[in-house]
Participant: 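The following block contains the structure, expressed as structure tokens.
Heads up: numbering here begins at 1 and tracks the sequence. Just follow the structure's listing: the first ligand is 1, and inside any ligand the first atom is 1.
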Amino acid sequence: EALDVIVVGSCMTDLVSQAPRLPKAGETIHGHKFFIGFGGKGANQCIQAARLGAKTAMVCKVGKDFFGDNYIQNFKDNGVHTDFVGQSSGSATGAASIIVNSAGENAIVIVAGANMLLGSEELQKALPAISHAKVLVCQLEISPQTSLQALRLAQKNGVKTIFNPAPAIPDLDPDFYRVSDVFCCNESEAELLVGSPVANVEEANQAGQELLKRGCGSVIITLGSQGCVVVKTQESISKHVPPTPVMAVDTTGAGDSFIGALAFYMAHYPTMILEEMAHRANQVAGRSVQAAGTQTSYPFRDDLSAELF
Ligand code: RIB
Ligand code: NA
């Protein structure tokens, strides 16, 4: 049976410390809580789509180590297909050191490890599944060439693509725009890609128009507590999708929750307008910021209002 959503992307073990604020260079500060969780932008997005009811598979690489074994079990526990989850002895499972301050903001260092070993061989193995999926999602925590190749394969087979250029790189291959049906990034990623500030709705409109010109089908720029902006080729004006205000406990992975939800809506309601999908995805992600951690905070279908489905 065909998949709704296939994610070609990263898995990381999140090592999270909660502290009153982010430390400065050379400084040691006391935090109050430490925990380990399942993260990585690719896996986060896949898990969120699965929790909303999408039939999902993950194409990724973990290490042949304790963290990798655990991660595979996590996919199984969430109903994600693991046929294309590889384990390599050449590198360790990816890890993310995360510090969260009292405002729920974070700073993250990732060591991608085994994620960087995902390549064309694994994509070829997954090709039958990729070519029959409804939506494919990629990010930039694996080799950019692998992401680009996956997006190309999807596009060639008429599979809808979502590309999340995160973490952003200044020298992004221009082909990424042409293979993205939906190009979805946050304000800081948009800023880096267009080279001008993106701090409010107006600037996001400008940046969105610029990114759209580079060849993508549609652009979504998420603005945290300011909601998001949707720009489409068919329409000359951008739409601002306002947020649903929430008290932020931990915003880590909220963008991934948004993208996972967006992938779910694109697969399940292909005729829904993109603004409406973004509006609903905002509400799903809004739930995730109200609890600590990344995947631990992602809502299941049953936790959400029936109006979202
Ligand atoms: O987007 C949030 C994610 O970024 C975290 O889970 C961490 O693993 C990093 O990849
Ligand atoms: Na959270």
Side-chain angles (χ1 to χ4, degrees), residues 7-18 22 33-51 58 60-63 67-68 70-71 74-75 78 80 92-116 118 137-144 147 162-169 184-189 192 222 224-225 243-244 246-263 281-300 303-304:
V7 177
V8 177
S10 57
C11 299
M12 308 275 173
T13 303
D14 285 352
L15 306 165
V16 188
S17 298
Q18 292 177 339
L22 309 179
K33 195 179 172 193
F34 173 80
F35 58 90
I36 299 182
F38 297 106
K41 297 182 197 301
N44 290 347
Q45 294 167 14
C46 190
I47 296 281
Q48 182 63 84
R51 289 191 181 172
M58 186 75 199
C60 64
K61 199 152 245 187
V62 296
F67 289 122
N70 263 340
Y71 218 119
N74 175 53
F75 282 133
N78 282 278
V80 174
T93 299
S97 300
I98 304 180
I99 301 166
V100 179
N101 69 13
S102 58
E105 299 164 323
N106 63 63
I108 307 180
V109 175
I110 56 169
V111 179
N115 289 295
M116 287 301 167
L118 189 71
V137 192
C138 284
Q139 320 71 27
L140 289 176
E141 288 183 334
I142 59 172
S143 143
S147 289
I162 300 176
F163 177 54
N164 171 222
I169 44 176
C184 182
C185 61
N186 68 18
E187 57 271 69
S188 68
E189 289 145 6
L192 197 105
T222 59
S225 60
T244 322
V246 292
M247 270 293 293
V249 171
D250 183 351
T251 60
T252 314
D256 299 331
S257 169
F258 179 93
I259 289 181
L262 181 69
N282 256 344
Q283 295 178 62
V284 175
R287 281 297 288 269
S288 81
V289 307
Q290 297 176 63
T294 44
Q295 289 176 27
T296 45
S297 70
Y298 289 2
F300 288 81
D303 300 326
L304 296 158

Participant: What is the nearest protein non-hydrogen atom to atom 4 (O) of ligand 1, stated with its residue, atom name and distance?
Facilitator: K41 NZ, 3.1 Å

Participant: Which atoms of ligand 1 sit under 4.0 Å from any heavy atom of N44?
Facilitator: 2 (C), 3 (C), 5 (C), 6 (O)

Participant: With a 4.0 Å heavy-atom cut-off (strictly under), which part of M12 contacts ligand 1: side chain, backbone, both or neither?
Facilitator: side chain

Participant: Does ligand 1 have any atom that is closer than 4.0 Å to a heavy atom of G40?
Facilitator: yes

Participant: Against heavy atoms of T294, which atoms of ligand 1 measure under 4.0 Å?
Facilitator: 6 (O)

Participant: To check your reading of the model: name the closest protein heavy atom to atom 7 (C) of ligand 1, its residue, and the distance in Å.
Facilitator: D14 OD1, 3.2 Å

Participant: What protein heavy atom sits nearest atom 2 (C) of ligand 1, and how far away is it?
Facilitator: D256 OD2, 3.3 Å

Participant: Can you tell me the N, O or S atom of D250 that's nearest the Na ion (ligand 2)?
Facilitator: O

Participant: Are side-chain heavy atoms of D14 and F35 found at a separation under 4.5 Å?
Facilitator: no

Participant: What heavy-atom pair brings C184 and P165 nearest, and what distance separates the two atoms?
Facilitator: O-CD, 3.3 Å

Participant: Please list, in number order, the atoms of ligand 1 under 4.0 Å from a heavy atom of E141.
Facilitator: 4 (O), 9 (C), 10 (O)

Participant: Are N74 and N78 linked by a side-chain donor-acceptor pair shorter than 3.5 Å?
Facilitator: yes

Participant: Flag the pair F67 / Y71 as yes when their ring centroid distance falls below 6.0 Å, and as no otherwise.
Facilitator: no

Participant: How long is the span from the CG atom in D303 to the OG atom in S288, to the nearest 0.5 Å?
Facilitator: 12.0 Å

Participant: Over all heavy atoms of both residues, which pair between S147 and Q139 is shortest? Give the atoms and the distance, please.
Facilitator: OG-O, 2.8 Å

Participant: For A96, take its heavy atoms, then give the atoms of ligand 1 lying under 4.0 Å from any of them.
Facilitator: 7 (C), 8 (O)

Participant: What I'd like to find out is whether the side chain of T222 reaches to under 4.5 Å of the side chain of I259, using heavy atoms alone.
Facilitator: no

Participant: Is there a side-chain contact between V16 and T294 (heavy atoms, below 4.5 Å)?
Facilitator: no

Participant: Is the shortest heavy-atom distance from the side chain of L15 to the side chain of F34 under 4.5 Å?
Facilitator: yes

Participant: Angle at the Na ion (ligand 2) between OG of S297 and O of A291, to 10°?
Facilitator: 100°

Participant: Hey, is there an N, O or S on A254 sitting under 3.0 Å from the Na ion (ligand 2)?
Facilitator: no

Participant: Would one find an N, O or S atom of S288, in either backbone or side chain, under 3.0 Å from the Na ion (ligand 2)?
Facilitator: yes

